[in-house]
Amino acid sequence: MRAFGAGRPRMTLADAAKATGLTRATVRRSLLTLVELGYAENDGRYFSLTPRVLTIGYSYLSSMPLPRIAQPFLERVSETLNESCSLSILDGDEIVYVARAATRRIMSIGLSVGSRLPAFHTSMGRVLLAALPEAEMERRLPNMDRTPHTPFTRVTPDSLREELTRVRQQGYALMDQELELGLRSIAVPVLGPGGQVVAAMNIGTQAGRVDLDRLTGPILETLRATAQEVSAVLGGG
């Protein structure tokens with residue numbers, strides 16, 4: 001299912017085998033099972049996913065109280081600051097958006113609940129990575145995708161290690177055009193029971209419209225206060 005995407009909305013058996021690295025026989029059985037369950041359809045040559053696959057993600061989100069709790073807080077922040085506000089969790093080396101209140105499109109790609117981005121190249125990802133035990137962070141660091149997205153992207157392990165240490169010390173992560181030119185964002189942690197970091201909340205904005213002083217000043221203050229409210233509801237103090 002993950003082999004399908006914007007670049008591969010439809011695939012033949014051969015396409016799917018190449019995309020997944022599995023044998024044609026294995027892919028055929030898997031795709032026919034998805035068709036039987038209603039998650040895919042086949043026109044005789046091409047396979048494609050059906051809207052029913054959305055129920056898988058919805059089942060996860062609906063059973064998870066965090067998005068439901070956070071959504072009204074995100075909407076309040078978005079309305080107050082007139083900026084997009086999001087919540088994400090860490091899944092492997094990526095962040096997954098689990099709640100979002102958007103005011104305008106600020107990236108070349110559209111973001112919504114379920115969207116994934118590389119953790120090292122996002123403010124929320126760096127907040128979540130900085131909360132990992134030191135040994136775990138060091139284990140992940142060499143294997144992370146460090147493809148530069150802009151001239152400002154940090155790509156060396158030493159620079160990323162230094163940045164995660166800074167994030168851990170100051171309690172927030174600032175991204176200035178490292179993921180996409182013209183995009184700035186700032187993120188803070190959201191705590192769950194026991195004071196563990198369970199998610200990250202951020203504000204994303206345009207560099208030409210919001211300067212760094214405002215981003216690390218009143219915007220960060222509002223974001224921190226809101227994250228503390230959500231943490232309190234989750235039992236994180």
Side-chain angles (χ1 to χ4, degrees), residues 65-90 95-107 111-113 115 117 119-132 137 150 152-154 160 162-237:
L66 178 58
R68 295 201 305 271
I69 290 171
Q71 189 63 41
F73 291 95
L74 302 186
E75 292 173 359
R76 187 186 69 190
V77 171
S78 182
E79 292 172 3
T80 300
L81 299 176
N82 196 30
E83 303 289 353
S84 297
C85 186
S86 306
L87 189 82
S88 74
I89 59 173
L90 189 64
I95 61 167
V96 181
Y97 283 70
V98 296
R100 180 167 167 80
T103 57
R104 59 177 66 85
R105 182 166 173 169
I106 60 173
M107 293 184 66
L111 292 176
S112 59
V113 171
S115 293
L117 290 174
F120 262 121
H121 300 322
T122 61
S123 58
M124 290 189 286
R126 289 183 180 175
V127 163
L128 295 167
L129 290 169
L132 294 174
M137 189 267 286
T150 76
F152 305 106
T153 306
R154 298 171 188 266
L160 290 168
E162 178 184 350
E163 178 62 16
L164 291 180
T165 298
R166 181 182 298 110
V167 170
R168 190 180 297 117
Q169 292 173 344
Q170 65 190 15
Y172 69 90
L174 173 67
M175 292 286 289
D176 188 8
Q177 305 186 78
E178 289 191 54
L179 181 63
E180 184 171 305
L181 289 175
L183 173 67
R184 283 177 175 153
S185 66
I186 194 163
V188 297
V190 173
L191 309 182
Q196 298 296 312
V197 175
V198 295
M201 182 185 298
N202 92 332
I203 287 289
T205 188
Q206 294 171 336
R209 189 165 45 79
V210 177
D211 60 31
L212 293 176
D213 286 341
R214 181 163 184 261
L215 196 61
T216 57
I219 289 180
L220 175 58
E221 182 179 346
T222 299
L223 192 63
R224 272 180 160 165
T226 305
Q228 288 172 359
E229 289 183 83
V230 176
S231 298
V233 174
L234 294 173

**Q** Can you list every salt bridge (Lys or Arg N to Asp or Glu O under 4.0 Å) pair that touches residues 167-176, not counting sequence neighbours?
**A**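 Checked against salt bridge (Lys or Arg N to Asp or Glu O under 4.0 Å) - neighbours excluded - the pairs reaching residues 167-176 are E134-R168, D176-R184.
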**Q** Does R100 pair with E75 as a salt bridge, N-O distance under 4.0 Å?
**A**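 A salt bridge is absent here (no side-chain N lies under 4.0 Å from a carboxylate O).
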**Q** Any carboxylate oxygen within less than 4.0 angstrom of a Lys/Arg side-chain nitrogen, looking at E163 and R166?
**A**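 Salt bridge flag = yes for R166 with E163.
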**Q** Which atom pair, heavy atoms only, marks the closest approach of S185 to S123?
**A**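 S185 and S123 have their closest heavy atoms at OG-OG, 2.9 Å.
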**Q** List the atom of Y97, the atom of L117, and the distance in Å for their closest heavy-atom pair.
**A**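 What the structure gives for the nearest pair is OH-CD1, 3.6 Å.
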**Q** Looking only at heavy atoms, what is the nearest atom pair of V127 and A187, with distance?
**A**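 Nearest heavy atoms, V127 then A187: CG2-O, 3.5 Å.
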**Q** What verdict does the side-chain contact (heavy atoms from CB on, under 4.5 Å) test give for L220 and Y172, after you've listed the backbone C-alpha separation in whole Å, the side-chain angles of each residue and the deciding distance to 0.1 Å?
**A** CA-CA 8 Å; L220 175 58; Y172 69 90; 3.7 Å; yes
**Q** Do T205 and R209 pair up side chain to side chain, a donor and an acceptor below 3.5 Å, judged on atom types alone?
**A**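 Short answer, yes.
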**Q** Using 4.0 Å as the upper bound for N to carboxylate O, is an ion pair formed by E221 and R214?
**A**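 The answer is no: the pair does not qualify as a salt bridge.
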**Q** For V230 and V190, work out which heavy atoms get closest and say how close.
**A**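 Minimum heavy-atom contact is CG1-CG1, 3.8 Å.
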**Q** Compare every heavy atom of R126 with every heavy atom of L164, then report the nearest pair and how far apart it is.
**A**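 So the two residues come closest at CD2-O, 3.6 Å.
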**Q** At their closest point, which heavy atom of M124 faces which heavy atom of A200, and how far apart are they?
**A**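 Scanning both residues, the minimum pair turns out to be SD-O, 3.4 Å.
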**Q** So do the side chains of V96 and S88 get within less than 4.5 Å of each other, counting heavy atoms only?
**A**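 A side-chain contact under 4.5 Å is absent here.
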